[in-house]
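Worksheet: the structure to be examined is printed underneath.
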Amino acid sequence: MDTDVIVVGAGPTGLLLAGDLATAGARVLVLEKRPAGLSNLTRAFAVHARSMETLDARGLADELLTTGQQVGSLRLFQRLTIDLADLPSRFRYVLVTPQYEVERLLRRRAEEAGAVLRHDTQVSDLAQDADGVTVTLADGSTLTARYVVGTDGARSTVRAAVGIPFPGRAVIRSMVLADVRLARRPADLLTVAAANDSLGFLVPFGDGWYRFIGWHGNRDVGEDEPVDLDEVRAIARATLHDDFGMTDARFLSRFHADERQAPTYRAGRVFLAGDAAHVHSPAGGMGMNTGMQDAANLGWKLAAALRLPDDAADAVLDSYDGERHPVGREVLRTSGGILRVATLPGAFVAAVRSGVVGLVSRVAPVRRRAALTVSALGVAYPRPRGAHPLVGTRARDLPLEGGTRLAEALRAGRFVLVAPAGAPTPDLPAALGEVDPAERVVTRRTDGGATTLLVRPDGYVADAAAGA
């Protein structure tokens, strides 16, 4: 084989995956049809708490923080404010930063770990057999790998090549997007507002630029119809009751939002992640974040599969779809629910929306659950019957001996065994006992907890036991 894994697509999902695989010692080739240096300015901009934890476990979070604005609350429909200050995380906010900043750090990490990136390279087809995958490029040349992962977006060539369908539909058309400067500064909130059969979304980048996404139900035009600032200002006034003196647009665009999900994320030796596997409305800003979590889940499993016999490798790799497909389905439901509440027309619907939002705003557990859902801190994976209740849940960033944290211990890309303070060196599970000692991470917690945890490389609890 030319390489162990070919990743098609160099967005945040593909780059995080490539970095994880290369860190684990796999040979990785990333193919990207964009020319080198082409900015993703117009794409995602919100990095939620769970994604910040994922980046922290790769040594990138603190640097990314210097590139954007921390937004500590979400305001929905004027009446509901979701405060993120109580999130059970080091990152109690949404970081608003352009997608290209996320890509820059992930690309550097991947290349430093040994991943190879090829730009101006387009995949046209692929075929697989029992041993590997042959990728055909647009110039007619071929490459071979043991596995291929399609992180190549909603129009995925990889997904089409293996015949995985992408059912769904467009849920909202003729949305406008604008990056603007404002003469009057609003509150630094991530704001979603609906009024007058229109939807408005405003968020600060922290550098003087603001992202506005808007929609007017009575204006359904094609995506090639030009957008001007007058249209953007009109939607802002209809929804936010102020256009804040919008000026100096550096980008204006029109787009539509689909809700689609592949019925499976795996076809033999080929996998899908990110927008190639699921797309949804921008409500909640969960798209890029969900893709990066797909990559974190798949990366360590592919790295393990490269070292395992085929039957064991299949069992590990099947768990990727089993764990991440339900998460993608829930993200579609959540973002779709927000969108429908915001866009359904009529005075009666507006009154119902106002009443429901007002009720939710007064129920603290519901607000907390909403924050955990949007931030992805509430994601948990299925656990076997009889397993410890912590199995499948996200491991908290525990303080460890030597003044370190669990996120720092996870930077080696290995399983981490966390024992109670003062406990003797644990007897490792047989599977870990056979691993080279240099690849084990065994440490002790200093928070007073008495539970022993085996934490997966993606930060979820693989096993747990009371005491030492």
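Position 1 is the first residue of the sequence, and the numbers go up from there.
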message: Taking salt bridge (charged side-chain N to carboxylate O under 4.0 Å, His left out) as the cut-off, I'd like each qualifying pair that reaches into residues 459-468, sequence neighbours left out, listed once.
response: none
- line: Between the CG atom in Leu177 and the CZ atom in Phe212, the distance rounded to the nearest 0.5 Å is 10.0 Å
message: Would you compute the distance between atom CG of Asp458 and atom CG of Leu410 and round it to the nearest 0.5 angstrom?
response: 8.5 Å
query: Once the angle between the rings of Tyr147 and Phe271 is folded into 0 to 90°, is it parallel (under 30°), tilted (30 to 60°) or perpendicular (over 60°)?
result: tilted
- request: Kindly write out the residues that satisfy side chain to side chain donor-acceptor pair (under 3.5 Å) with Glu32, not counting sequence neighbours, or none if the list is empty.
  value: Arg34
message: Using side-chain heavy atoms (C-beta onward) and a distance below 4.5 Å, is Leu377 in contact with His48?
response: no
- request: To the nearest 0.5 angstrom, please state how far the CZ atom of Arg394 sits from the CD atom of Gln293.
  value: 10.5 Å
Check: Phe166 and Asp258 side chains under 4.5 Å, non-hydrogen atoms: no
query: At what distance, to the nearest 0.5 angstrom, does CD of Gln70 lie from CG of Leu84?
result: 11.0 Å
- prompt: What residue pairs, at least two apart or across chains, pass salt bridge (charged side-chain N to carboxylate O under 4.0 Å, His left out) with a residue in residues 324-333?
  reply: Asp294-Arg324, Glu330-Arg333
task: Could you list all the salt bridge (charged side-chain N to carboxylate O under 4.0 Å, His left out) pairs where at least one residue sits in residues 5-30, not counting sequence neighbours?
output: Asp4-Arg27, Asp20-Arg58, Asp20-Arg109
query: Going by heavy atoms in the side chains, are Leu105 and Leu55 under 4.5 Å from each other?
result: no
- request: Take Val158 and Leu126 through the side chain to side chain contact (heavy atoms under 4.5 Å, CB included) test and state the conclusion after the steps.
  value: CA-CA 7 Å; Val158 172; Leu126 58 85; 4.0 Å; yes
message: Any heavy-atom pair between the side chains of Ile164 and Val270 that's under 4.5 Å?
response: no
- prompt: Can you find a heavy atom in the side chain of Val7 that is under 4.5 Å from one in the side chain of Thr151?
  reply: yes
- prompt: With a 6.0 Å cut-off on ring centres, are Phe201 and Phe45 close enough?
  reply: yes
query: So Tyr265 and His325, would you call those rings parallel, tilted or perpendicular, with 30° and 60° as cut-offs?
result: tilted
query: Which word best sums up how the rings of His278 and His280 line up, parallel for under 30°, tilted for 30 to 60°, or perpendicular for over 60°?
result: parallel
message: Quick one, Asp56 with Arg411, criterion salt bridge (charged side-chain N to carboxylate O under 4.0 Å, His left out). Give me CA distance, side-chain angles, the key distance, then yes/no.
response: CA-CA 8 Å; Asp56 191 20; Arg411 290 174 188 172; 2.9 Å; yes
query: Would you say the side-chain atoms of Thr144 and Asp2 include a donor-acceptor pair closer than 3.5 Å?
result: yes
- prompt: Between CH2 of Trp209 and CD of Gln69, what distance do you get to the nearest 0.5 Å?
  reply: 16.0 Å
field: Where at least one partner belongs to residues 148-168, residue pairs that pass salt bridge (charged side-chain N to carboxylate O under 4.0 Å, His left out), sequence neighbours excluded
entry: none
- prompt: For the atom pair CG (Leu29) and CG (Leu21), what is the distance rounded to the nearest 0.5 Å?
  reply: 12.0 Å
- prompt: Can you tell if the side chain of Ser375 reaches within under 4.5 Å of the side chain of Asn289, non-hydrogen atoms only?
  reply: no
Pair listing, ring-ring contact (aromatic ring centres under 6.0 Å, His included) test, anchored in residues 442-468, at least two apart: Tyr381-Tyr460
